[in-house]
Amino acid sequence: AWCNWTGSSASINASYNVSSVTRISSGHWYVNFTNAFVDTKYAVLYTCGNNADQTFYTGSYANSTSQAWCSNFNGSTNVDTASNNLIAFR
């Protein structure tokens, strides 16, 4: 599964095997899979970026077989970024 979405609106720009992105709060999202993985032993990679020259500390993990969690921190607070990307595979 893979997905590119806009942070503040959680609008999907392009994806495969992702049904939706849920914005939990600023800088936190759930990425919901169309077809669930067989278990939670899948790899998740999350990246993000803005138009500004900033460094972000990102985190992600397999939350369940049908959902991954993503977080974005700029060193002082959680922030929504313009471009967010997740790749999940097993």
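Summarising the geometry of N35 relative to N17, their closest heavy-atom pair is N-OD1, 2.8 Å, with the distance given to 0.1 Å. For Y42 against D39, the heavy-atom pair with the smallest separation is CD2-O, 3.3 Å. Here the closest non-hydrogen pair linking D80 and G27 is OD1-N, 2.9 Å. Across all non-hydrogen atoms, the minimal contact from W5 to I12 is CB-CA, 4.1 Å.
No path of Ile, Leu, Val, Met, Phe, Trp and Tyr side chains, each step under 4.5 Å between heavy atoms, connects Y61 with Y46, placing them in separate hydrophobic clusters. At a threshold of 4.5 Å between side-chain heavy atoms, the hydrophobic network of Ile, Leu, Val, Met, Phe, Trp and Tyr places Y16 and F89 in one connected group.
Side-chain contact, S76 with N74: a donor N or O sits under 3.5 Å from an acceptor N or O.
When atom types are taken as modelled, the side chain of W2 and the backbone of N85 share no donor-acceptor pair closer than 3.5 angstrom. S26 places a side-chain N or O within 3.5 Å of a backbone atom of N78 that can act as its donor or acceptor partner. The backbone N or O of T6 sits nowhere less than 3.5 Å from a side-chain atom of N84 that would complete a donor-acceptor pair. Proximity of a side-chain donor or acceptor of S19 to a complementary backbone N or O of N32 within less than 3.5 Å is detected. Looking at S64, its side chain does come within 3.5 Å of a backbone N or O of Q67 through a donor-acceptor pair.
Atom OG1 of T22 is separated from atom NE2 of H28 by 14.0 Å, given to the nearest 0.5 angstrom.
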Test side chain to side chain contact (heavy atoms under 4.5 Å, CB included) applied to W29 and C48, step by step: CA-CA 12 Å; W29 303 270; C48 66; over 6 Å; no

